[in-house]
Amino acid sequence: MAAAGPAEVVVVGSCMTDLVSLTTRLPKAGETIHGHKFFIGFGGKGANQCIQAARLGAKTLMICKVGKDSFGNDYIENFKRNGISTGQNVIVIVAGANLLLDSEDLKRAANAICKAKVIICQLEITPAISLEALKMAYSNGVKTLFNPAPAHAELDPQFYTHSDIFCCNESEAEILTGIPVGSPEDAGKVGLMLLERGCKLVIVTLGAEGCVMISVDEPIPKHVPAGKVRAVDTTGAGDSFVGALAFFMACYPNLSMEELIRKSNFIASVSVQASGTQSSYPYRKDLPQELF
Ligand SMILES: Nc1ncnc2c1ncn2[C@@H]1O[C@H](COP(=O)(O)OP(=O)(O)OP(=O)(O)O)[C@@H](O)[C@H]1O
Ligand SMILES: *[C@@H]1O[C@H](CO)[C@@H](O)[C@H](O)[C@H]1NC(C)=O
Ligand SMILES: *[C@@H]1O[C@H](CO)[C@@H](O)[C@H](O)[C@H]1NC(C)=O
């Protein structure tokens, strides 16, 4: 699944197949209602992030497990096609094969992990495996980008000490700190709390408000706003942001973090202007070339 040469962005994470049906309301227990649309989408946080980084032009590698069935086969095809070696809803997740990714798999991929420029990890796989991957990368000087999603209140403290960048959204920040986040000021407060747990830089994303960053080097919160756009579907915006950030970190190591975040806000704000998750993620060729 990798492009030629060592991968710049390695993602250890999840693949999910979304079976989506649109209805005017949710069915009650035991009730059957008609949906007006049905489609199958490719999702899973790790895969989404990897797809966005690849569409911007990063050499990417995805470390994941899929089932030995038609959904698994279709997912592999989706990665190949991408050049990789709103409303109320109810979601049922069957983690399935994602939880089977284990230490042996990481050892087999150790070479790629240690040669990457950036690694992305999240929590849709077994947390201990995510942490192990993060540690492998961190001890080899690979920049680690950790997205604590879905959030657990009892996050192993080593996730903080092995994150160069710790990137969460408002609700995840609240689960981790117990403090509700509703404004850039709140985000600055929780950002500082998370920073004190040992990460080098914290980003709290704030939807249409963009995000707030705070770093060990400059422990004063900085609000980086997103541009005003007409949002049609914000699903997967967070993963677009994380994937874009990994791409920019890997390919533009000399730009300031604020500049990298500004560019990533722009990419994610493009993704909210189209419907779907991966289907809304922009390709480099369709973006203003001054971004690159
Ligand atoms: N309405 C919007 N207008 C402009 N940019 C947006 C909008 N919503 C999201 N974004 C961009 O996407 C980034 C991530 O959004 P958000 O904080 O909603 O992530 P999230 O909650 O993880 O997303 P998800 O809907 O996938 O769970 C923001 O930091 C911003 O750059
Ligand atoms: C934050 O991300 C999680 C997925 O990890 C999502 O369920 C939640 O709705 C998001 N929160 C906000 C405020 O967008
Ligand atoms: C980044 O900066 C370093 C040190 O200043 C320099 O050696 C390197 O060539 C620069 N890289 C790029 C891609 O500009």
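Ligands are counted one by one from 1 in listed order, and the atoms in each one are counted from 1 as well. Just so we're clear, the structure is a prediction, and the values are computed from it rather than from any experiment.
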Inset, instruction - Compute the minimum heavy-atom distance from Ala149 to ligand 1 and say whether it is under 4.0 Å. - result: no

Inset, instruction - Report, in ascending order of atom number, the atoms of ligand 1 lying under 4.0 Å from any heavy atom of Gly238. - result: 14 (C), 19 (O), 20 (P), 22 (O), 23 (O), 26 (O)

Inset, instruction - For ring-ring contact (aromatic ring centres under 6.0 Å, His included), just list the numbers for Tyr75 and Phe71, CA-CA rounded to whole Å, side-chain angles, deciding distance to a tenth of an Å, and then say yes or no. - result: CA-CA 6 Å; Tyr75 219 118; Phe71 290 119; 10.0 Å; no

Legend entry - Residue pairs fulfilling salt bridge (charged side-chain N to carboxylate O under 4.0 Å, His left out) with at least one residue in residues 165-181, sequence neighbours excluded: none

Inset, instruction - Check whether any N or O atom of Asn265, backbone or side chain, sits under 3.5 Å from an N or O atom of ligand 1, and answer yes or no. - result: yes

Legend entry - Sub-3.5 Å N/O-N/O distance, Asn169 and ligand 1: yes

Pairs of nitrogen or oxygen atoms, one from ligand 2 and one from the protein, closer than 3.5 Å: please tabulate them with distances.
residue  : atom   : partner : partner atom : Å
ligand 2 : 2 (O)  : Asn169  : ND2          : 2.3
ligand 2 : 2 (O)  : Glu172  : OE2          : 3.1
ligand 2 : 5 (O)  : Glu172  : OE2          : 2.7
ligand 2 : 11 (N) : Asn169  : ND2          : 2.9
ligand 2 : 11 (N) : Ser171  : OG           : 2.6

Legend entry - Nitrogen or oxygen atoms of Cys211 and ligand 1 under 3.5 Å apart: no

Legend entry - Salt bridge Glu185-Lys189, side-chain N to carboxylate O under 4.0 Å: no

Legend entry - Any N/O pair Gly227/ligand 1 closer than 3.5 Å: no

Legend entry - Under 4.0 Å to a heavy atom of Ala268 - the qualifying atoms of ligand 1, by number: 11 (C), 12 (O), 13 (C), 31 (O)

Inset, instruction - Answer with yes or no whether Leu206 contacts ligand 1, where contact means a heavy atom under 4.0 Å from a ligand atom. - result: yes

Inset, instruction - Using a strict cut-off of 4.0 Å, indicate which atoms of ligand 1 neighbour a heavy atom of Ala208. - result: 1 (N), 2 (C), 3 (N), 7 (C), 8 (N)

Inset, instruction - Would you check whether Thr205 has a nitrogen or oxygen atom less than 3.5 angstrom from a nitrogen or oxygen atom of ligand 1? - result: yes

Inset, instruction - Considering the heavy atoms of Gly236, write down every atom of ligand 1 situated less than 4.0 Å from one of them. - result: 24 (P), 25 (O), 26 (O)

Inset, instruction - May I ask you to identify the nearest protein heavy atom to atom 18 (O) of ligand 1, giving residue, atom name and distance to one decimal place in Å? - result: Gly207 CA, 3.4 Å

